[in-house]
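Here's the structure, in structure tokens; my notes come after.
No hydrogens, no waters, no symmetry mates; every other heavy atom, side chains included, goes into these values.
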Amino acid sequence: MDDDLEDDFEPLASEEPDPLDAENFNAIDYINKQFPNEDSLGRLGNFIEQLKVQEREIEEGIKNAVRRQAAFGRRAKADLGDAKLAVRELFERIKAIKAKAEQSEELVSDVCRDIKSLDVAKRNLTLTVTALKRLVMLVTALEQLRSTAECRHYEQASSLIHAVEELSGHFQELSHVARVADLLERKAAVFSDLKQQVLEDYMCLHGGIGSATRLEQLPEGWGTAAAKCVDAIGPGMRREVVTQFCLRLLEGYKDIFQPPKEASGLETAERRFAWLKRTLREYDDKYKSQFPESWQVPCGLCDLFCHVTRQHLVEILDTTHHMVDPELMVRVLLKSIEFENELARKWAVEIEDSEHFDTSRLSAMPILKYPDVLSVKAGGKASGSAESNENSTDQFAPRFRGIISECFDAYLGTWVRHEEKQLLEVLQALTAADKMVGQEENDEDEDEVLRQRFLYKSAPELFAAMRGSMQECARFSTHNTLFDIFQVFRKVMNQYASKLSSILPPPGHKLSLDAEGVQAICCVIGTAEYCDETLPLLEESLTKIISADFQDRIGFHDEQELLRNVVNRANEGLVQSVACSLDEAFSSMSRTNWAAFSQDVGDHSAFVGDISERLPKQFEPIAAHLSKIHYRFFCDKFVQSFVARFVAEVHKCRKISERGAQQLLLDTALIKTTLLEAPVVAGHGRQMPTAYSNYVLREMGKAEIMLKVLSSPDVDATSITAMLGDGDDPMVQQLLALRASGDSSDATSAGSMEQQLRHEADRIAAAAGVPSIGSTMNYLGDALNKGAKASEDLKKISGDVKKNIQKLGFPSSLNFGIKKTGPPG
């Protein structure tokens with residue numbers, strides 16, 4: 001809105017807000033507010049007049065604002081036209097300035113073009129003069145170099161070589177020019193003649209035709225001057241001089257040791273290294289003064305000697321590796337590695353800030369082959385020489401480690417086969433006259449003293465032989481050969497496991513073993529356990545030594561599994577042996593006519609006494625020769641087998657009378673006690689785990705429940721199912737089939753049975769720490785003898801028995817209930 005218009009409405013804005021201007025104005029509310037009652041209607045006329053006055057004022061303000069706005073609109077249109085005219089004038093002035101700037105730029109460009117032309121001409125003229133001067137200097141230097149070389153003034157020649165190299169570098173880009181190309185060819189020819197001359201001068205040091213005359217022509221101190229000249233020519237020339245000189249020295253070595261000469265065999269390998277030492281001493285005496293120390297001529301001689309020796313050994317091994325003595329080959333290999341390590345320490349080059357090599361390790365390195373660290377150092381020095389030829393000595397440090405010994409790698413299979421044969425022979429010799437030895441072991445329980453486990457003497461000696469082979473191999477190889485030795489170890493352990501397995505009785509063996517046989521099986525278990533514990537240690541040692549490429553392939557898992565199978569078979573053999581010793585007792589049990597059994601139930605059966613007598617005797621040698629963990633494992637396996645056999649023997653009785661079932665119930669209690677006590681007695685008081693006792697009580701308790709069912713005077717399928725809990729139908733039918741029909745016993749016999757049951761129940765409860773269940777058994781006996789007034793009484797009895805039996809360790813799923821449908825017939 002225009003400023004003048006705002007001035008017109010400012011008085012209205014300055015007043016208090018008018019209720020008529022409110023956004024949520026309500027006419028009815030406004031009128032009710034102005035005239036709240038009838039008395040206020042007297043002001044109605046005045047109120048209407050005020051509204052009309054206010055309306056006229058607003059209309060007048062609107063009219064004035066419209067008139068003023070029309071006047072200002074015309075004025076704004078005129079101002080806009082003036083502004084457009086000023087803008088057009090401004091554009092015209094800008095165009096004029098731009099045109100003048102373009103004219104000035106063209107003028108400046110013309111001036112600069114002339115200046116540039118003159119500057120280019122000056123620069124070209126300067127370059128031409130400089131090039132001509134350099135060309136003249138190059139021609140002069142080449143001529144001087146040629147004359148000084150002919151006169152063998154090598155010290156002056158070295159300075160000229162640097163000048164020629166620097167000057168000729170300026171003309172490399174102009175080699176397409178014929179005259180420049182001819183000049184560069186002349187330079188190459190002069191350098192070639194100089195190289196050949198210097199090389200011949202050095203070669204005359206070895207003697208030969210005309211060497212004496214040539215040496216007389218050489219000036220005094222020519223060696224030092226010639227070395228400067230060679231260094232000026234470059235590292236390539238220096239290496240060529242050193243190489244040719246060393247090859248001439250090695251001609252005598254080749255004449256003696258070149259295959260198939262007489263002295264070329266592996267047995268004369270040490271003579272090769274002795275020859276090199278003599279030659280190095282000869283060099284120090286005769287030639288050292290002619291060569292700078294920085295050239296490291298002895299290092300180059302050793303490098304070439306190693307390459308020639310490697311070539312000779314490859315030829316020898318290629319033709320004789322199948323018939324060479326493996327021990328001799330390994331001795332030569334170890335001697336080579338020792339020689340290489342000696343050279344590597346002698347010619348090590350220190351590199352500052354090297355991330356690949358630690359020179360402090362050289363003095364502590366064992367006789368092993370290492371990565372090519374020296375070549376890394378030599379490469380670093382070579383690159384530095386290329387950047388600064390004047391200040392660098394270009395250290396000559398070849399790779400010595402592995403330079404000779406690596407040629408043996410392809411032929412070490414012969415040694416591996418030899419080691420395999422040796423280990424198998426050791427295995428055969430050890431197992432042929434094996435003896436049992438005791439080895440102390442720490443018991444897991446702190447209150448128990450050290451015990452001995454028995455094993456065969458061959459196991460520790462065999463592992464000692466394998467460790468010896470591993471350490472011998474690690475002296476010269478930690479790669480493929482050591483992995484092949486690991487495979488040999490696996491084969492040896494497989495054969496050893498087979499040897500141990502052959503000691504065990506064959507599967508299905510039905511005879512009881514004597515003390516010597518039991519001792520042999522226990523030794524097999526101890527030996528297999530020792531091997532199973534020692535193999536991870538051998539694996540760890542191999543993993544630490546072998547190369548990282550093979551570490552994930554090292555493992556004796558299959559062999560350990562094979563040894564564990566041997567242990568399982570041995571335990572099965574022990575269980576079978578003890579079980580066979582009880583055949584006579586179980587045969588006596590089967591021969592008893594339990595259907596017609598009418599004796600008083602007061603003492604255990606004869607077969608039970610036989611079992612109680614035999615078990616501790618059978619367990620005693622086993623406990624004496626097995627470790628604690630394997631003895632417990634044997635006991636667990638045996639009791640599983642015994643309980644299953646006992647139940648099967650009960651079913652073999654076909655028919656069992658009530659009196660017979662009562663006798664078997666008493667026998668079962670004594671057998672249970674025997675199973676709990678025999679391992680402890682045989683182990684000289686060493687307690688068995690709680691899990692073993694719980695298992696015996698639980699499983700034998702099931703057999704007792706079965707016999708209690710058979711001893712009940714009158715039961716049917718429903719009551720048997722209630723007593724057995726979740727017993728399946730075939731088991732119920734088997735129990736019904738075992739029951740023998742007959743008259744019930746007299747009251748005296750029944751009373752005797754009750755007394756015996758109460759006595760046995762109290763004894764078991766006392767052993768288990770459970771309150772006496774004699775009252776429950778008494779109640780049960782009264783109910784059985786008096787006929788049981790009602791089935792509810794029997795159910796109550798069943799509940800009491802169930803609670804007390806659960807305290808003895810039997811599962812809670814077993815439900816006991818006796819349903820009496822009538823008096824005993």
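Contact between Leu313 and Cys407 at its shortest, heavy atoms only, is CB-SG, 4.0 Å. The two atoms that bring Asp434 and Tyr456 nearest to each other are OD2-CB, 3.2 Å, heavy atoms only. Of all heavy-atom pairs between Ala465 and Val426, the closest is CB-CG1, 4.4 Å. Heavy-atom minimum distance, Leu145 versus Val190: CD2-CG1, 3.8 Å. Pairing each heavy atom of Phe556 with each of Glu539, the nearest pair is N-OE1, 3.6 Å. For Ser175 against Ala181, the heavy-atom pair with the smallest separation is O-CB, 3.4 Å.
Within the structure, no pair that satisfies the ring pair (Phe, Tyr, Trp, His ring centres under 6.0 Å) test touches residues 178-197, not counting sequence neighbours. Pairs passing the salt bridge (charged side-chain N to carboxylate O under 4.0 Å, His left out) check and including a residue from residues 188-198, sequence neighbours excluded, do not occur.
In this structure the side chain of Thr431 never reaches within 4.5 angstrom of the side chain of Leu462, judged on heavy atoms. Residues Leu280 and Cys302 meet the side-chain proximity criterion, which asks for heavy atoms closer than 4.5 Å. At a threshold of 4.5 Å between non-hydrogen side-chain atoms, the residues Glu240 and Val230 do not count as touching. Between Ile161 and Leu194, the closest side-chain pair of non-hydrogen atoms falls below 4.5 Å.
Between the side chains of Thr148 and Gln156, not a single donor N or O lies within less than 3.5 Å of an accepting N or O. The closest side-chain donor-acceptor pair between Trp295 and Asp231 falls under 3.5 angstrom. No hydrogens or angles considered: a donor-acceptor pair under 3.5 Å links the side chains of Ser458 and Tyr496. Residues Tyr253 and Thr309 bring a donor and an acceptor atom of their side chains to less than 3.5 Å of each other.
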Sequence neighbours left out, cut at 3.5 Å: what donor-acceptor pairs do the side chains of residues 254-267 make with other protein atoms?
unit_1	atom_1	unit_2	atom_2	d
Gln258	OE1	His312	NE2	2.9
Lys261	NZ	Asp255	O	2.9
Ser264	OG	Lys261	O	2.6

Donor-acceptor contacts, no H, no angles, side chain residues 134-144, under 3.5 Å, sequence neighbours left out:
unit_1	atom_1	unit_2	atom_2	d
Arg134	NH1	His170	ND1	3.2
Thr140	OG1	Val136	O	2.8
Glu143	OE2	Arg146	NH2	2.3

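The salt bridge (Lys or Arg N to Asp or Glu O under 4.0 Å) test applied to Glu461 returns Lys457, not counting sequence neighbours. Thr534 pairs by the side-chain contact (heavy atoms from CB on, under 4.5 Å) definition with Phe463, Arg467, Tyr530, not counting sequence neighbours. With sequence neighbours left out, Thr319 forms a side-chain contact (heavy atoms from CB on, under 4.5 Å) with no residue at all. With sequence neighbours excluded, no residue satisfies side chain to side chain donor-acceptor pair (under 3.5 Å) with Tyr202. With sequence neighbours left out, Ala163 forms a side-chain contact (heavy atoms from CB on, under 4.5 Å) with no residue at all. Under the salt bridge (Lys or Arg N to Asp or Glu O under 4.0 Å) criterion, Glu540 pairs with Lys544, not counting sequence neighbours. Not counting sequence neighbours, the partners of Asp558 by the salt bridge (Lys or Arg N to Asp or Glu O under 4.0 Å) test are Arg490. Glu282 meets the salt bridge (Lys or Arg N to Asp or Glu O under 4.0 Å) test with Lys286; sequence neighbours excluded.
Between Phe408 and Phe476, the distance separating the two ring centers is not shorter than 6.0 angstrom. Between Phe483 and Phe486, the ring centre distance stays below 6.0 Å. Taking the centre of each ring, Phe291 and Phe245 come in below the 6.0 Å mark.
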Practice item. Take Arg399 and Glu406 through the salt bridge (charged side-chain N to carboxylate O under 4.0 Å, His left out) test and state the conclusion after the steps. Key: CA-CA 12 Å; Arg399 178 181 71 95; Glu406 284 179 354; 3.3 Å; yes
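A salt bridge links Arg475 to Glu472: at least one charged side-chain nitrogen sits closer than 4.0 Å to a carboxylate oxygen.
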